[in-house]
Peer 1: 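I'd like to ask you about the structure that follows.
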Amino acid sequence: GAVVSQHPSRVICKSGTSVKIECRSLDFQATTMFWYRQFPKQSLMLMATSNEGSKATYEQGVEKDKFLINHASLTLSTLTVTSAHPEDSSFYICSARGIAYEQYFGPGTRLTVT
Amino acid sequence: QKEVEQDPGPLSVPEGAIVSLNCTYSNSAFQYFMWYRQYSRKGPELLMYTYSSGNKEDGRFTAQVDKSSKYISLFIRDSQPSDSATYLCAPAESSASKIIFGSGTRLSIRP
């Protein structure tokens, strides 16, 4: 089946620093990738939709200058959390969609901002 | 009103029981209906998907969609402790549109 990886799986950073999370589709090309955030015991909240070679589309209430998304190739999308604050601590999950409509999810990245 | 409503549980049943997980939705434009399973601290994995109304069976799992009542169900037969996870219903309007996730139901299967 389709495999999506994320790196790192866990990261701790200090308040005010930036963190980059990578999302890769390992065995298929993904024209569209999605970034979600999930707080404990809550569902996935879509942050943005990323299309290869174009600007990401952000959901209402998500600051695009704070959450920078780059989708430079058909197998890689990155999310950079800029000037991170403790309230940005969360579980960040990416997903990738190939030619069919199913989304395949990565294992998630747990971000802790101290 | 949320687009997708799902009882958060937790739901605890003994091993071997039949489990019924349900969602309701408000958007009549939803055509694709998916169920994802998420283990603790992991990404969701696609369990099943159906298009429009009807039933779909895959092993111990059966997905059911009733568009007239906007009701989605997932049945698990012969439940196993390894089925303990959070189950997310996730409809979408089309194959190209974003998926709307329910809040998830936490399921625990007691040995």
Side-chain angles (χ1 to χ4, degrees), chain A residues 1-11 21-26 28 30-51 56-60 62 89-112, chain B residues 2-11 21-25 27 29-52 56 58-59 63 72 84-108:
Chain A
V3 179
V4 176
S5 71
Q6 274 184 249
H7 178 80
S9 58
R10 184 175 296 185
V11 58
I21 303 170
E22 291 186 349
C23 177
R24 293 182 184 272
S25 56
L26 298 185
F28 68 104
T31 55
T32 305
M33 288 185 171
F34 303 86
W35 286 96
Y36 295 84
R37 182 164 58 182
Q38 186 176 36
F39 292 105
K41 297 184 180 180
Q42 294 187 27
S43 190
L44 288 80
M45 287 177 47
L46 180 64
M47 298 175 67
T49 301
S50 165
N51 291 299
T57 302
Y58 290 81
E59 293 300 301
Q60 192 173 9
V62 178
S89 298
S90 187
F91 193 49
Y92 291 87
I93 308 174
C94 72
S95 70
R97 185 169 68 195
I99 58 173
Y101 63 84
E102 299 101 307
Q103 285 187 33
Y104 298 96
F105 285 81
T109 296
R110 184 159 302 280
L111 170 64
T112 302
Chain B
K2 290 183 181 178
E3 280 193 282
V4 182
E5 298 272 7
Q6 190 174 5
D7 187 338
L11 178 63
L21 304 168
N22 309 293
C23 282
T24 58
Y25 63 93
N27 186 351
F30 286 146
Q31 294 285 345
Y32 292 87
F33 302 90
M34 285 144 290
W35 282 95
Y36 284 84
R37 177 174 62 193
Q38 186 177 23
Y39 291 110
S40 181
R41 300 181 183 180
K42 300 289 185 184
E45 58 177 318
L46 179 65
L47 262 183
M48 297 186 69
Y49 66 89
T50 55
Y51 174 72
S52 195
K56 185 173 183 178
D58 183 2
I72 314 166
S84 298
T86 296
Y87 290 79
L88 303 153
C89 63
E93 290 186 12
S94 72
S95 59
S97 60
K98 64 183 180 183
I99 297 174
I100 308 299
F101 283 90
S103 56
T105 299
R106 285 190 295 133
L107 173 66
S108 176

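Here is the naming used below: chain letters follow the sequence lines, and residue numbers restart at 1 for every chain.
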Peer 1: Please look at Gln38(A) and chain B and tell me whether the side chain, the backbone, both or neither of the residue comes under 4.5 angstrom of a heavy atom of that chain.
Peer 2: side chain

Peer 1: Pro91(B) and Val4(B): which non-hydrogen atoms are nearest, and at how many Å?
Peer 2: CG-CG2, 3.6 Å

Peer 1: Need one label for Leu44(A): side chain, backbone, both or neither, based on atoms under 4.5 Å from any heavy atom in chain B.
Peer 2: both

Peer 1: Go through the structure and list residues passing side chain to side chain contact (heavy atoms under 4.5 Å, CB included) with Thr31(A), not counting sequence neighbours.
Peer 2: Leu74(A)

Peer 1: Below 4.5 Å, heavy-atom pairs only: which of Arg106(B), Lys98(B), Glu45(B) has the largest tally toward chain A?
Peer 2: Lys98(B)

Peer 1: Identify, with sequence neighbours excluded, every residue that meets side chain to side chain contact (heavy atoms under 4.5 Å, CB included) alongside Ser103(B).
Peer 2: Ser43(A), Gln6(B)

Peer 1: Contact part of Ser97(B) toward chain A, heavy-atom cut-off under 4.5 Å: side chain, backbone, both or neither?
Peer 2: backbone

Peer 1: Measuring centre to centre across the rings, with the benzene-like ring taken for any Trp, is Phe33(B) within less than 6.0 Å of Tyr51(B)?
Peer 2: no

